[in-house]
Novice: 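Quick one: the structure is below, questions incoming.
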Amino acid sequence: MKKVILFTLFSLISYTNLLAQAERTYSIDEQIDTAVAPTAEFISDIIFYEVTIAGNPIPLILVWLLAGAIFFTFYLGFINFRGFKHAIDIVRGKYNQPDATGEVSHFQALTAAVSGTVGLGNIAGVAIAISLGGPGATFWMIMAGLLGMSSKFVSCTLGVKYRDVHADGTVSGGPMHYLSKGLKEKGMGKLGKFLAAFFAFMCIGGAFGAGNMFQINQATQQFISVTGGEASFFASGNAWIFGLIMSVLVGLVIIGGMKSIAQVTEKVVPLMCGIYIVAAIIVLLVNITRIPEAFALIFEGAFTTTAVAGGIVGVMIQGLRRGLFSNEAGIGSASIAHSAVKTNVPVTEGFVASLEPFIDTVIVCTMTALVIVVTGAYTMDIGDGIALTSASFATVISWFPLVLAGAVILFAFSTMITWSYYGLKSWTYLFGNTRAADVSFKVIFCLFIILGAPMQLGSVVAFSDAMLFAMSIPNMVGLYILAPDVKREMQAFLSYARSSKKQPLTEDAVEAAQA
């Protein structure tokens with residue numbers, strides 16, 4: 001296995017040299033795009049297969065994710081609302097277990113997972129959804145975030161429950177583990193192994209594409225735009241230098257594993273979200289008299305048949321698509337990060353994880369949407385999502401494009417370090433938890449950052465997006481099968497929380513409280 005990994009690494013380095021030699025002409029971009037296009041189109045057509053509802057095309061994968069979110073919300077008795085206070089208490093440290101197994105705190109696990117979802121989708125995706133579906137898309141986006149909290153609750157509880165703890169204290173968890181081990185307990189071992197391997201393979205593809213090349217490419221474009229555009233030093237064949245710088249920074253973080261990643265995200269995520277939200281609040285305060293009108297447009301647009309993009313159904317699709325695709329509820333990736341938490345009661349991290357869609361979609365995405373609506377920017381004829389969001393903020397803050405460029409770079413950086421961890425855990429699941437597997441993946445991941453900075457690989461990104469959402473297929477199957485176990489643990493914890501809680505939080509104390 002080591003020989004296979006080393007051979008793969010050698011081949012990639014050799015391929016990188018060829019790309020560097022061809023960089024001057026940029027023809028390599030077109031060649032790769034052309035070569036990948038047929039496969040990317042074939043896979044995308046399968047994963048994003050659309051059916052027509054009321055004259056509007058809707059991807060079946062969206063129905064798959066939404067159906068799961070609705071099911072778990074009802075099955076768990078609206079735990080997304082009932083458990084909100086418990087989630088806040090756990091993050092604040094009320095139920096901390098200092099001596100528990102794990103690598104990071106509840107707060108660190110949350111910020112690490114949030115850094116993997118809060119990003120370009122919150123900036124560009126929201127703008128596109130509103131430009132296509134009108135202000136009403138905001139309402140359905142919020143609904144998607146609230147429903148997605150339940151899917152995250154189930155997935156991340158299972159991630160901790162079935163994780164592997166290694167001799168050095170590090171942890172490996174996520175869908176790969178609860179699919180293989182959880183389904184084996186149900187007498188479906190072969191199915192579990194297949195679904196786990198399928199998930200891991202797709203997660204690696206998603207990590208290199210959507211979690212790496214797409215992020216660095218967008219960050220590079222923003223960096224070039226604020227450093228002179230076409231006149232920028234980085235615009236004339238030197239974009240790879242920015243990629244190299246980012247690659248080194250990412251490498252310095254991920255070399256230390258989950259603890260190092262969490263130490264960075266617990267600082268970067270609150271900072272970048274805070275700056276972005278403060279800027280949004282400033283815009284809203286300047287337009288405070290228009291806020292009532294904005295909410296009226298949002299609610300009216302959500303339920304009126306005269307709305308753009310195909311009436312109510314069209315608006316609903318745009319909002320739900322952005323909400324579910326942004327917070328990745330049901331995909332299973334976040335469970336990998338949450339699995340590293342320090343706790344011996346798995347369901348506690350389920351509560352914490354439920355905050356993730358709330359932060360990503362209900363707060364950050366909604367702030368973006370409100371700014372776009374109150375400023376009237378959604379009526380502008382601007383095709384690019386980032387440009388539309390930038391224009392809406394610029395109506396009040398003229399220099400906001402600089403702030404936005406910085407936010408995009410921070411979002412991209414935090415997303416890359418988190419997705420490197422997701423990809424690594426999937427990689428080591430398939431190839432073994434060895435030092436060689438660990439190092440080879442991190443080296444390859446950093447090389448892809450350099451490659452992705454100057455390239456325009458539309459088909460590669462489309463292919464990786466398909467792999468990303470394909471992760472939800474095996475993951476949701478596992479969630480449905482294992483949901484009864486999560487429900488039992490949830491009920492046990494709620495019984496403990498309602499008790500006097502004189503005993504410290506332990507698995508035995510939780511079980512005793514329920515009895």
Side-chain angles (χ1 to χ4, degrees), residues 69-98 100 102 104-114 117-118 141-161 266 269-270 273-274 277 323 327 329 334-335 337-339 341-367 479 483 485-515:
I70 294 173
F71 171 79
F72 294 125
T73 296
F74 281 92
Y75 182 71
L76 299 177
F78 292 88
I79 193 61
N80 44 348
F81 300 111
R82 292 193 298 133
F84 196 85
K85 182 180 182 302
H86 293 304
I88 298 297
D89 287 341
I90 294 169
V91 171
R92 290 174 55 198
K94 184 175 182 179
Y95 298 101
N96 273 0
Q97 299 170 276
V104 298
S105 68
H106 287 290
F107 178 73
Q108 289 176 323
L110 176 64
T111 58
V114 168
T117 57
V118 174
M141 182 177 63
I142 294 173
M143 291 301 297
L146 294 174
L147 292 171
M149 294 170 69
S150 301
S151 298
K152 281 287 176 79
F153 179 91
V154 178
S155 177
C156 296
T157 296
L158 292 172
V160 179
K161 180 178 177 64
E266 72 172 339
V269 170
C273 288
I277 291 173
N327 59 52
S335 176
H338 285 285
S339 298
V341 71
K342 290 182 178 179
T343 184
N344 291 328
V345 181
V347 75
T348 58
E349 194 59 19
F351 283 102
V352 172
S354 68
L355 294 175
E356 190 184 330
F358 185 84
I359 296 169
D360 174 273
T361 308
V362 180
I363 295 180
V364 181
C365 284
T366 301
M367 294 300 286
L479 298 190
D485 298 336
V486 175
K487 187 173 185 178
R488 282 193 296 271
E489 297 204 11
M490 177 197 75
Q491 292 171 334
F493 177 82
L494 292 177
S495 297
Y496 169 82
R498 286 192 295 266
S499 67
S500 60
K501 296 187 289 294
K502 292 180 180 180
Q503 294 182 337
L505 179 63
T506 62
E507 291 180 281
D508 292 338
V510 170
E511 291 177 2
Q514 187 180 34

Novice: Would you name the heavy atoms of Ala69 and Gly148 that are closest together and state the gap between them?
Specialist: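 Heavy-atom minimum between the residues: CB-N, 4.2 Å.
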
Novice: Where do Arg82 and Gly77 come nearest, in terms of heavy atoms and distance?
Specialist: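 In this case the closest contact between Arg82 and Gly77 is NE-O, 2.6 Å.
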
Novice: Does Ile359 reach the side chain of Leu110, with side-chain heavy atoms less than 4.5 Å apart?
Specialist: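 Ile359 vs Leu110: side chains touch.
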
Novice: Measure the OG1-CE distance between Thr348 and Met490 for me, rounded to the nearest 0.5 Å.
Specialist: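 So the gap between those two atoms works out to 14.0 Å.
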
Novice: Of all residues at least two apart in sequence or in a different chain, which pass the side chain to side chain donor-acceptor pair (under 3.5 Å) check with Thr157?
Specialist: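 Partners of Thr157 under the side chain to side chain donor-acceptor pair (under 3.5 Å) test: none.
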
Novice: Please round to the nearest 0.5 Å and tell me the distance separating atom CG of Asp89 and atom NE2 of His106.
Specialist: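 Those atoms lie 11.5 Å apart.
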
Novice: Can you confirm whether or not the ring centre of Phe72 sits under 6.0 Å from the ring centre of Phe153?
Specialist: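 No - the distance between ring centres of Phe72 and Phe153 does not fall below the 6.0 Å cut-off.
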
Novice: Show the numbers, then the answer: is there a side-chain contact (heavy atoms from CB on, under 4.5 Å) between Met149 and Phe84?
Specialist: CA-CA 10 Å; Met149 294 170 69; Phe84 196 85; 4.0 Å; yes

Novice: Please enumerate all residues that pass side chain to side chain donor-acceptor pair (under 3.5 Å) together with Thr73, with sequence neighbours excluded.
Specialist: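 Thr73: side chain to side chain donor-acceptor pair (under 3.5 Å) contacts with Ser150.
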
Novice: For residues Ser335 and Cys156, report the shortest heavy-atom separation together with the two atoms involved.
Specialist: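 In this case the closest contact between Ser335 and Cys156 is CA-SG, 3.8 Å.
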
Novice: Quick one: do Val486 and Tyr75 satisfy side-chain contact (heavy atoms from CB on, under 4.5 Å)? Show the steps, please.
Specialist: CA-CA 11 Å; Val486 175; Tyr75 182 71; over 6 Å; no

Novice: Just do the side-chain contact (heavy atoms from CB on, under 4.5 Å) check on Arg92 and Phe107 with the steps written out, would you?
Specialist: CA-CA 8 Å; Arg92 290 174 55 198; Phe107 178 73; over 6 Å; no

Novice: To the nearest 0.5 angstrom, please state how far the NE2 atom of His86 sits from the OG atom of Ser354.
Specialist: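 Result: 11.0 Å between the selected atoms.
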
Novice: Carefully, step by step, assess Val341 and Val352 under the rule side-chain contact (heavy atoms from CB on, under 4.5 Å).
Specialist: CA-CA 10 Å; Val341 71; Val352 172; over 6 Å; no

Novice: So which atom in Ala113 and which in His338 form the shortest heavy-atom distance, rounded to 0.1 Å?
Specialist: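 Here Ala113 and His338 meet closest at CB-NE2, 3.3 Å.
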
Novice: Is the ring centre of Tyr95 less than 6.0 Å from the ring centre of Phe493?
Specialist: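 Between Phe493 and Tyr95, which both carry aromatic rings, the centre distance is below 6.0 Å.
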
Novice: What distance separates Leu158 CG from Ser339 OG, expressed to the nearest 0.5 Å?
Specialist: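 Leu158 CG to Ser339 OG: 9.5 Å, rounded to 0.5 Å.
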
Novice: State the CG-CG distance between Leu355 and Asn80, to the nearest 0.5 angstrom.
Specialist: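 Going from the CG atom of Leu355 to the CG atom of Asn80 covers 11.0 Å.
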
Novice: To check you understand the geometry: which heavy-atom pair defines the closest contact between Met141 and Thr361, and what is its length?
Specialist: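 Closest approach of Met141 to Thr361, heavy atoms only: O-CG2, 3.2 Å.
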
Novice: Show the nearest heavy-atom pair for residues Thr343 and Val345, with the distance to one decimal.
Specialist: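 Minimum heavy-atom contact is OG1-N, 3.1 Å.
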
Novice: Tell me which pairs pass salt bridge (Lys or Arg N to Asp or Glu O under 4.0 Å) where either residue lies in residues 341-355, with sequence neighbours left out.
Specialist: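 Matches after skipping sequence neighbours: none remain.
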
Novice: Could you tell me whether a side-chain N or O of Ser155 sits under 3.5 Å from a main-chain N or O of Ser151, the two making a donor and an acceptor?
Specialist: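 No; judged by distance alone, with no hydrogens or angles, the pair does not exist.
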
